Amino acid sequence: MALTREQSLVWEAMGIGPQWILRSGQDPLLSEETQTKPKAAFSSVEPAPAASVRVGPSVGTAPTASSTVVATPTRKLQTSLRPVQESPVTAAPRALKPVARVQSTAARAQVEPDPVLVEQVKTATWEGIAEIVARCEVCPMSKTRTQTVCADGTPGCPVVIVGEAPGRDEDIEGVPFVGKSGRLLTTILDAVGLKRGVDVAIVNVLKCRPLNNRDPLPEETQACRAFLDRQLELLAPRVLILMGRHAMAGLLPESAGTSIGRVRGKVHHVTIGGRSVPTVVSYHPSYLLRNPVEKEKSWHDLLQAKRLLDERS
Ligand code: URA
């Protein structure tokens with residue numbers, strides 16, 4: 001495929017290089033985190049229990065963040081062995097089985113609200129949120145986590161990125177986006193001139209690692225929601241970036257059933273602390289690791305976020 005000069009520079013800056021098509025086998029360059037994708041869609045694996053699952057901290061309260069466009073990104077396989085331009089795709093995509101089933105119904109039924117935490121988090125300070133989250137035992141994930149993962153960055157960072165959930169590396173280090181997808185995110189942010197921890201704070205929808213890299217369950221997302229709302233309130237971003245379908249579904253609920261591809265490229269708005277915050281939706285970095293050709297779109301999305309920030313500075 002012929003690239004324009006601009007595309008070529010962007011690809012080079014983001015370490016994309018020539019595009020390779022999978023013929024067989026697993027990509028030795030991808031981490032376990034990404035090899036395990038795609039994640040098991042909850043609805044296709046195990047039906048939700050009809051009753052008895054009660055939600056966590058934000059139960060009964062309206063979310064403080066609300067919006068004014070859920071993606072099911074198609075999995076494409078790119079890996080080594082043969083450059084696109086030399087040959088058409090010859091290998092049929094491998095059948096991809098979910099490697100992990102979602103938690104058992106019994107485990108899910110343990111998601112109970114903790115009214116004490118709910119009340120505490122509503123008025124918590126930035127440091128206080130981390131302390132409350134560290135004590136949280138609302139979900140069974142609290143039994144399997146190494147530690148909770150709250151945020152990278154602090155109030156004062158004008159841009160806030162909302163990701164999905166900690167992976168293995170984040171669970172070990174206690175910081176969001178430090179694994180392979182995190183390194184890619186940092187590279188893309190660098191490419192648009194945004195510094196993590198200075199210009200950009202990062203939080204996740206979930207504060208604990210879902211084992212086996214599975215999708216967050218709806219009740220887990222709901223249970224963590226009060227933490228996310230309070231974090232966003234205190235961060236008071238000038239520009240918000242939602243990475244991946246879980247962040248998008250949580251903060252732009254009207255986007256439910258829509259792909260990231262359809263939602264990205266426009267400026268949306270999420271109300272945080274009574275303020276309408278311009279919001280950009282983009283692909284999750286883990287998706288980009290599996291679909292490197294989409295990195296350029298992601299770069300454009302972050303450029304758009306940077307422009308929005310510059311307009312407000
Ligand atoms: N993916 C996320 O969404 N968040 C992280 O912190 C790491 C990987």
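These values consider heavy atoms only, across backbone and side chains, with no hydrogens, waters or symmetry-generated copies. Just so you know, ligand 1 is whichever comes first in the structure, and atom 1 is the first atom listed for that ligand. Here the structure is a predicted model, which is why all the values come from computation and not from measurement.
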So, are K306 and D310 salt-bridged, with charged N and O less than 4.0 Å apart?
->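 Between D310 and K306 there is a salt bridge, with a charged N closer than 4.0 Å to a carboxylate O.
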
Salt bridge present between E294 and R264 (N-O < 4.0 angstrom) |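 Judged by the 4.0 Å cut-off on N to carboxylate O distance, E294 and R264 do not form a salt bridge.
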
Just which atoms of ligand 1 are under 4.0 Å from any heavy atom in E164?
->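 Here the atoms of ligand 1 in question are 2 (C), 3 (O).
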
Run the numbers for me: atoms of ligand 1, each under 4.0 Å from some heavy atom of S181, listed by number.
->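 Those of ligand 1 that fall under 4.0 Å from S181 are 8 (C).
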
Same apolar cluster: I188 and I202, side chain cutoff 4.5 Å =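 Same cluster: I188 reaches I202 through Ile, Leu, Val, Met, Phe, Trp or Tyr contacts under 4.5 Å.
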
Under 3.5 Å, N or O to N or O, is V175 touching ligand 1 that way?
->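 Checking ligand 1 against V175, no N or O pair falls under 3.5 Å apart.
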
Counting heavy atoms only, which part of E170 comes closer than 4.0 Å to ligand 1: side chain, backbone, both or neither?
->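 Only the side chain of E170 comes within reach of ligand 1.
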
Should the proximity of H284 to ligand 1, defined as any heavy atom under 4.0 Å, be assigned to the side chain, the backbone, both, or neither?
->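 Near ligand 1, H284 shows its side chain, while the N, CA, C and O stay back.
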
For residues 157-198, which residue pairs qualify under ring-ring contact (aromatic ring centres under 6.0 Å, His included), counting only residues two or more places apart or in two chains?
->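 Matches after skipping sequence neighbours: F177-H284.
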
Residues which pass salt bridge (charged side-chain N to carboxylate O under 4.0 Å, His left out) with D171, listed by chain and number, not counting sequence neighbours |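 D171: no salt bridge (charged side-chain N to carboxylate O under 4.0 Å, His left out) contacts found.
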
Residue selection (non-hydrogen contact nearest atom 8 (C) of ligand 1) among G182, P176, A165, G163 =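 Among G182, P176, A165, G163, the closest heavy atom to atom 8 (C) of ligand 1 comes from A165.
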
